[in-house]
Amino acid sequence: MELSPILPLKGFQGNSLFIKREDLLPFSFGGNKARKVGLFLSEIDAGDFDCVLTYGSGSSNHCRVVANACCIRKLECIIISPEDEYEDTFNSQMMEIFGARIIQTPLGQVSETIEKTLSDLVKAGRHPYFIAGGGHGNTGTKAYVQCYQEIKEYEREQGVFFDYIFLASGTGTTQAGLICGQLLAGDRRRIVGISIARKNPAGRDIIVDSVRSFMGERASDTMIQEGTVFVDDYTNGYGKGNDDVAKAIMRMIQEYGVPLDDVYTGKAFMGMQEYIKREQIANKNILFIHTGGMPLFFDFLRRQREKI
Ligand SMILES: *Cc1c(COP(=O)(O)O)cnc(C)c1O
């Protein structure tokens, strides 16, 4: 069963563009974090846990989704957040509404604080479930292997083949899952991750490690290296307040009714447009994965108004 729809976007610069609307996944404003958290929740519900601990910034989609899921289950949700980056956003406001306990800590002390909070909980007789920031790890990867299988199902039904898949890459888990899906299926196509923050080679290495960890013996190092394309040209300066990103966001909502944001999907969309131009890609079928972040669209709108 497909969890999110794939829709064609008509009239797109010499290629056929399709978009997989992960932002429409039916839980807590959707997004790739909703898909990943779905799998973590199966583990939480099957176990004997009385609280969940995770990590993320004030604008984190991941933390919003986890906090919402915990709220429904009446499970305590503890979020470790780097204080240097803590800002008031619609996501942070929702984390508060969902009753999450937010522990702010300096960026350099995040892993220490996580370790200490976990061990304090255990000492107090609690049973915490830990989710790495952004849902990083094999469970998160698996969620996007399943997404890849949905894409294949769509291709079979519709008789199309996507030559390229583009997406916003952060911790790289989403991209790693798609790459694993591709390796398992033996398909030849390019999956292009547009980095939203990390630089090469470190950002790419993390994806390679995630793929290796998930695939084990099932894929050779050469296959993994060849399958991992990580574009880091649109990180610094391409975030909030960047005019090109704002233009891409405006175009998408005005021409297609699709909301993007200026932290993830807007950057990735603009990066994809640039990549298509630079590599002179024409007459291809291209799939853009809309990884979500709908509340961030409203933060973007609010900032646009403040600029005027
Ligand atoms: C977290 C996030 C990403 C990045 O996903 P990773 O799996 O961490 O690479 C992309 N887009 C949105 C909207 C996100 O919230």
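Side chains are part of it too, since the values below use all heavy atoms of this structure and drop only hydrogens, waters and symmetry mates. Count residues from 1 along the sequence. Both ligands and their constituent atoms are indexed starting at 1 by order of listing.
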Query raised in the report: Can you list the ligand 1 atoms lying under 4.0 Å from a non-hydrogen atom of N61?
Result: 13 (C), 14 (C), 15 (O)
**Report entry** Close N or O approach (G172, ligand 1; < 3.5 Å)
**Finding:** yes
Query raised in the report: Would you say the side chain of T265 lies within less than 4.5 Å of the side chain of T291, judging by non-hydrogen atoms?
Result: yes
Requested in this report: Output the list of atoms in ligand 1 that are nearer than 4.0 Å to some heavy atom of G292, sorted by atom number.
Outcome: 13 (C)
Query raised in the report: Can we call the ring centroids of Y275 and F166 under 6.0 Å apart?
Result: yes
Query raised in the report: Looking only at protein heavy atoms, which one is nearest to atom 12 (C) of ligand 1, and how far off is it?
Result: Y264 CG, 3.3 Å
Query raised in the report: Quick one: nearest non-hydrogen protein atom to atom 14 (C) of ligand 1, plus distance?
Result: K33 NZ, 2.9 Å
Query raised in the report: Which part of T173 is near ligand 1, with near meaning a heavy atom under 4.0 Å away: side chain, backbone, both or neither?
Result: both
Query - Lys/Arg N to Asp/Glu carboxylate O, R189 vs D163, below 4.0 Å - result: no
Report task. Report, in ascending order of atom number, the atoms of ligand 1 lying under 4.0 Å from any heavy atom of T174. Result -> 5 (O), 6 (P), 7 (O)
Report summary line: Ranked by distance from atom 4 (C) of ligand 1, the top protein heavy atom is G170 N, 3.5 Å
Query raised in the report: Just by distance, do the side chain of R73 and the backbone of A69 share a donor-acceptor pair under 3.5 Å?
Result: yes
Query raised in the report: Contact between H62 and ligand 1, counting heavy atoms under 4.0 Å?
Result: no
Report summary line: Taking only non-hydrogen atoms of K36 and a 4.0 Å limit, the atoms of ligand 1 in range are 6 (P), 7 (O), 8 (O)
Query raised in the report: Can a salt bridge be assigned to the pair K267 and D261 using a cut-off of 4.0 Å between side-chain N and carboxylate O?
Result: no
Report task. Only one of Y264, Y234, F12 passes ring-ring contact (aromatic ring centres under 6.0 Å, His included) with F269; say which it is. Result -> F12
Query raised in the report: Counting heavy atoms not belonging to E87, are there more than 12 under 6.0 Å from its CD?
Result: yes
**Report entry** Side-chain heavy-atom pair M250, E255 within 4.5 angstrom cut-off
**Finding:** no
Query - Ligand-side contact atoms (ligand 1) for residue partner T291, heavy atom cut-off under 4.0 Å - result: 10 (C), 11 (N), 12 (C), 13 (C)
Requested in this report: Please say whether Q175 places an N or O atom under 3.5 Å from an N or O atom belonging to ligand 1.
Outcome: no
Report task. Give the numbers and elements of all ligand 1 atoms closer than 4.0 Å to a heavy atom of S169. Result -> 9 (O)
Query - N or O contact, G134 vs ligand 1, cut-off under 3.5 Å - result: no
Query raised in the report: With the threshold set at 4.0 Å, does a side-chain nitrogen-carboxylate oxygen contact exist between E274 and K277?
Result: yes
Requested in this report: Indicate yes or no: does E150 engage R35 in a salt bridge with an N to O separation below 4.0 Å.
Outcome: yes
**Report entry** D261 N/O to ligand 1 N/O under 3.5 Å
**Finding:** no
Query raised in the report: Using a heavy-atom cut-off of under 4.0 Å, does the side chain or the backbone of N32 touch ligand 1, or both, or neither?
Result: side chain
